[in-house]
Amino acid sequence: GRTCRIASIQYTVLSAQLGQEALCHWAEMRLFSELGIFFSCSAIAQVVRGVDLANFWGKEGLTLADVPWVPVTNRESLEAGLKCSSCLLAMEVNNGTEWLHLGGEINTFIPIVTEHSQTAAASDLTLEQALNMVKEKMGTLQTHIGLHVSFLTPGIAPSAISVISNIFPGPSLPFPLLVSANVLDASGGESSTPLMDGQEFLSSVTDLVPGAIPVLGWSTYHGMDKVWKRIEDDQILKEFQSSRIVRVVEHLYSDPESIPKEDVRFVELLQKKLERTHPKSFTELAVGQLVKSIETNGHHKFEKDPFAPRYASRPPRKDPVRELLPEYYLSSSSYSADDITSMLALVKDRGGVGFAVRAGLVTSQAGVGQLVGLLDAVEGGFVVVNTEPADRESRDMVEQFVETVGGDKVIVSLEKDTKDDGDTVDVRIPQPRNSPQNSANYKWHQTILVPGLMMFLMIMRLV
């Protein structure tokens, strides 16, 4: 047999069966095939890393913790978010329909951009439209905008990932594209949040959207989850009613005065119905407390019983009631060592993977060391701190966690407090001001009243 030497790799075949020229062509094909497999494997290893997040915004002098988190729930918010120079656009995707007057069909369900408390699964912005708008923006201007996509229901994930793959199929993207999903349970079985299969999610993102960065999270049991679970166990409210209750509770905590009138009317009528049909249920207790809180604040009018006694109206409370059932609020949750071990087993030999954590579970030092160990074990790993509906944690409460982990490894969805020292109120009692009227009265008192009074006392003494 003859030997064909190409790139220092030898292939030996029978010259009786193949000519020398055909032999070399065959060897070249084998060589390029092997090199293709080699480069493909190398590409996959880099794709998992995705865009270097720290360097992407580091050019603007921002750490990951400094990058503004901009929620996108409809077309208006997306157009406003695309005007920023450096930010992370956060989209929540659900299964729903596009508005009919924009060309949608009532029986055609597609991935739409919406929010968790949306009562109707309809939107003026589909995921495909949103991604095309982002792609167009990236192609015209040099901006430092990233994209974070999460799923409100696991069932919409395959369709959403397919849409993302059609628009961003390449392994090299000019911006960070984060795709997030909850894949493990950290609630001890208490949470009712549906989970995605971790390996299936990682494979789908890696194969269909090789330029994206997967973000893996846990389902948790914290904050108002105990209240939502009790209401769900009662099986009295429909899904859209529960979503609307959550939205009103969020408004009550953030801005009691801005609760929409139609939402106030909704909870008022719902409470009256529950009082008649389910007077001893936990759902009636929660809705009744919500109505009483809104009524006590005094910013909204309620229907009055015509036979009830009439009282003078009172001004709104200066210190409004914001918390609903505070004794049910869970605040001692944290991530355990088993939770971290399960996540490490899932992301074994992968780098550049993100981890979604709930703000309420990292406000204390309990469990923070476990998360630091997770980031140390995963090359290029980072954390995304987010919240769930009606959570009361603020940005200040997670600053200690950011300092412990490092600002270049943490993305925070909570807004920073924009108040500066100039806006602080001086609570000291000011000195009384001397008005011209007060000065004139003082002079009249000293020159006329006092001498006259003394003269009157002297005359009375002589008499």
Side-chain angles (χ1 to χ4, degrees), residues 47 49-60 62 64 66-99 102-104 110-116 118 122-152 156-181 201 204-215 352 354 356 382 384 386 411-413 415:
V47 162
R49 293 293 302 274
V51 178
D52 191 340
L53 296 178
N55 291 336
F56 182 77
W57 282 291
K59 300 176 183 178
E60 299 295 312
L62 298 174
L64 290 185
D66 297 327
V67 177
W69 179 280
V70 180
V72 174
T73 58
N74 50 33
R75 187 178 297 271
E76 181 182 2
S77 59
L78 176 59
E79 292 174 351
L82 289 175
K83 295 179 182 179
C84 72
S85 58
S86 299
C87 63
L88 182 64
L89 304 180
M91 300 181 183
E92 293 182 320
V93 181
N94 201 358
N95 187 30
T97 60
E98 185 182 6
W99 286 1
L102 297 178
I110 54 178
I112 61 173
V113 178
T114 181
E115 56 183 332
H116 58 80
Q118 185 72 26
S123 175
D124 65 342
L125 182 64
T126 66
L127 178 61
E128 183 177 3
Q129 294 169 350
L131 296 180
N132 281 324
M133 293 175 65
V134 172
K135 185 177 182 180
E136 182 180 357
K137 175 73 173 182
M138 299 301 180
T140 56
L141 298 175
Q142 292 294 332
T143 59
H144 290 79
I145 297 178
L147 188 60
H148 180 278
V149 179
S150 58
F151 312 109
L152 291 176
I156 195 60
S159 300
I161 293 176
S162 178
V163 171
I164 300 174
S165 175
N166 292 334
I167 300 176
F168 300 113
S172 299
L173 297 180
F175 66 96
L177 174 57
L178 281 61
V179 182
S180 177
F201 172 71
S204 298
V205 174
T206 303
D207 296 339
L208 299 179
V209 195
I213 304 174
V215 179
F382 60 95
V384 179
N386 51 35
I411 298 176
V412 185
S413 66
E415 295 183 1

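Counting from 1, the numbers follow the sequence of the chain as shown.
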Show the nearest heavy-atom pair for residues [X] and [Y], with the distance to one decimal.
X: Gly81; Y: Cys87; result: O-SG, 3.8 Å
X: Ala181; Y: Phe151; result: CB-CD1, 4.3 Å
X: Lys137; Y: Leu82; result: CE-O, 2.8 Å
X: Val93; Y: Pro111; result: CG1-CB, 3.8 Å
X: Ala212; Y: Leu173; result: N-CD1, 4.5 Å
X: Phe382; Y: Gly352; result: CE2-O, 4.2 Å

Working to the nearest 0.5 angstrom, can you tell me the gap between [X] [atom1] and [Y] [atom2]?
X: His116; Y: Ser150; atom1: NE2; atom2: OG; value: 10.0 Å
X: Leu152; Y: Glu92; atom1: CG; atom2: CD; value: 4.5 Å
X: Ser85; Y: Leu62; atom1: OG; atom2: CG; value: 8.0 Å
X: Asp124; Y: Thr73; atom1: CG; atom2: OG1; value: 8.5 Å
X: Cys84; Y: Ile145; atom1: SG; atom2: CD1; value: 4.0 Å

Would you mind reporting whether [Y] and [X] have side-chain heavy atoms less than 4.5 Å apart?
X: Ile167; Y: Val134; answer: no
X: Leu125; Y: Met91; answer: no
X: Ser413; Y: Val384; answer: no
X: Leu131; Y: Leu147; answer: yes
X: Trp57; Y: Leu88; answer: yes
X: Val113; Y: Val72; answer: yes
X: Met138; Y: Thr143; answer: yes
X: Glu128; Y: Asn132; answer: yes

Could you point out which residue of Val149, Ile161, Val179 forms a side-chain contact (heavy atoms from CB on, under 4.5 Å) with Val209?
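Running side-chain contact (heavy atoms from CB on, under 4.5 Å) over Val149, Ile161, Val179 with Val209 returns exactly one hit, Ile161.
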Between Ser77 and Asn74 (side chain of the first, backbone of the second, donor and acceptor by atom type, cut-off under 3.5 Å), is there such a pair?
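Side chain of Ser77 to backbone of Asn74, a donor-acceptor pair under 3.5 Å: yes, one is there.
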Apply side chain to side chain contact (heavy atoms under 4.5 Å, CB included) to the pair Lys83 and Glu79, showing each step before the final yes or no.
CA-CA 7 Å; Lys83 295 179 182 179; Glu79 292 174 351; 5.5 Å; no
If you count every heavy atom of other residues, nucleotides or ligands that lies below 6.0 Å from Glu115 atom CD, does the total exceed 12?
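Yes - once you tally the heavy atoms of other residues, nucleotides and ligands closer than 6.0 Å, there are more than 12.
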Counting only heavy atoms not in Glu76 (residues, nucleotides, ligands), do more than 12 fall under 6.0 Å from its CD?
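Counting other residues, nucleotides and ligands, CD of Glu76 stays at 12 neighbours or fewer.
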Checking Val67 against Ile411 for the side chain to side chain contact (heavy atoms under 4.5 Å, CB included) test, could you report, in this order, the C-alpha distance in whole Å, the side-chain angles of both residues, the deciding distance, and whether it holds?
CA-CA 7 Å; Val67 177; Ile411 298 176; 5.9 Å; no
Go through it in stages, so that I can follow the logic: the residues are Ile110 and Val163, the test is side chain to side chain contact (heavy atoms under 4.5 Å, CB included), and I'd like the CA-CA distance, side-chain angles, deciding distance and then a yes or no.
CA-CA 10 Å; Ile110 54 178; Val163 171; over 6 Å; no
Please work out which of the three classes, parallel, tilted or perpendicular, describes the rings of Trp69 and His148, given edges at 30° and 60°.
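Ring orientation of His148 relative to Trp69: tilted.
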Verdict with supporting geometry, Ile156 and Leu127, side chain to side chain contact (heavy atoms under 4.5 Å, CB included):
CA-CA 11 Å; Ile156 195 60; Leu127 178 61; over 6 Å; no
